[in-house]
Peer 1: 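First the structure, then my questions, so here it is.
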Amino acid sequence: LKQSKAKATIAIVAAASGSASFEIGDLAVSSVRVGGADVPFTASSSALHVSVPKDADASIVVEYQFKDHGKFDGWLSKRGVSFLWPKFCGNLFPCKSSPDEGLTFSLQLAGVDPGATAVYPSAIRFDAPSYMLGIAVAKLTKIDLGTTAGGTSVSVWHLPGQDKTAKTGTTSLVASFDFFEKTFGPYKFGKAVGSVEAAWGGGGYGGMEHHPYWHVASGSMSDAITHAHEAAHGWFGNGVRIRCWEDFVLSEGSATYLAARALAKAGTDVWANYGCQLHKVCSGGTNTIVLPDSSCNAIDIITHPLWSNAPYQKGAFFLREVGKVLGEDALDAALAGFYQQHVGKSARMQMLVDHLKAKSDAAGAAKIDKLAVDWLRTNKCPIDTAMLCK
Ligand SMILES: [Zn+2]
């Protein structure tokens, strides 16, 4: 870390093309070896092109230097965290940032300040999107919260002086994780998980689904919803990846809904909170159609209106309404079936809508279709939200 030097060993499967290309952002590549031998490469326009043997698996070793970043677009040394979402993996390692691309990782950090704790997964052995990889290097203190019935140990890491805040926000985190495992199916990214406080600064709130050690902004460390939401991405967003950025609601609407289900089981009703957020979405200037599914990966999520609270809230309320059609427990079972069918792969939101319709009779399926139109494919909100937020 101190020298910003890195070595990436990339395993690729056999292909007929004889070449491999990666996004490399602003990395300065010094050498590329394939099968142990130096090979010519071109690195330009943020892309690395390497010749590889045709029709054979290959191991590509890339040595490079990475730059420090300040705008939530790579390794942020001042904040002591990485931030690769949505398409900035190339500023840290040669990659493919498309959300449908699944990667496994192993990772080793060197040059960590002796006064700091580095929290990162040494391995992710199950396909994950590029932006899932997260690193935190800061004065972090670990609190063990407990172990789920499935044997996953859950922790929280907090910054100095945040001990009470971290404990407040995570009182139901073990129960939430246990609920997700029992309700939707086994977790795929390891047996040790937890929330890691991220000094995003500047009123930063929310979190980022860096499983198995997801990041939560200092401003949200006391917020149980944020912890449960980021944990839920282990199932939707990471476990099941979105195929296109246009399917963002499949990740965020589902995680928002799952957090509500988990916290309800723990005795906390979050729908009044969500109702106020929905009211803001529906009555403010940032409302948008949350499923613009005429294209796939044609939008830039950072500048598109979709990058707002609308997919989170409209997506969660869509699922809540589907829960009234199917029954809440039956909806949980349907979501579990979808997760188990698609975990490790990518899916589109319409595939989930079709899956939910298939769990109902013809009348119910028609209702779910209408809910999808009203909540996902219409700008105007289908209910008067003023009543939801008093
Ligand atoms: Zn989220």
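Residue numbers run from 1 in the order of the sequence given. Atom set for the values below is all heavy atoms of this structure, side chains included, hydrogens, waters and symmetry mates excluded. Order of appearance sets the numbers: ligands from 1, and atoms from 1 within every ligand.
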Peer 1: Please assess Asp293 against Arg348 for the test salt bridge (Lys or Arg N to Asp or Glu O under 4.0 Å), listing each intermediate value before the final yes or no.
Peer 2: CA-CA 9 Å; Asp293 50 355; Arg348 301 215 66 175; 5.8 Å; no
Peer 1: So, of the N/O/S atoms that His233 has, which is the nearest one to the Zn ion (ligand 1)?
Peer 2: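 Output for this pair reads NE2.
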Peer 1: Checking one value in my table: which N/O/S atom of Glu252 lies closest to the Zn ion (ligand 1)?
Peer 2: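 The nearest such atom is OE1.
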Peer 1: Would you say the side chains of Asp68 and Ser77 form a donor-acceptor pair under 3.5 Å?
Peer 2: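 The criterion, which ignores hydrogens and geometry beyond distance, is satisfied for Ser77 and Asp68.
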Peer 1: Specify whether an N/O/S atom of Glu230 falls short of 2.8 Å from the Zn ion (ligand 1).
Peer 2: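 No, Glu230 does not qualify, because none of its backbone or side-chain N, O or S atoms lies under 2.8 Å.
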Peer 1: Can you find a pair of side-chain heavy atoms, one from Thr104 and one from Ile124, that are under 4.5 Å apart?
Peer 2: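 The answer is no; the side chains never approach within 4.5 Å.
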Peer 1: Just say parallel, tilted or perpendicular for the rings of Tyr274 and Trp271, cut-offs at 30° and 60°.
Peer 2: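 Taking Trp271 first and then Tyr274, their aromatic rings stand perpendicular (interplane angle over 60°).
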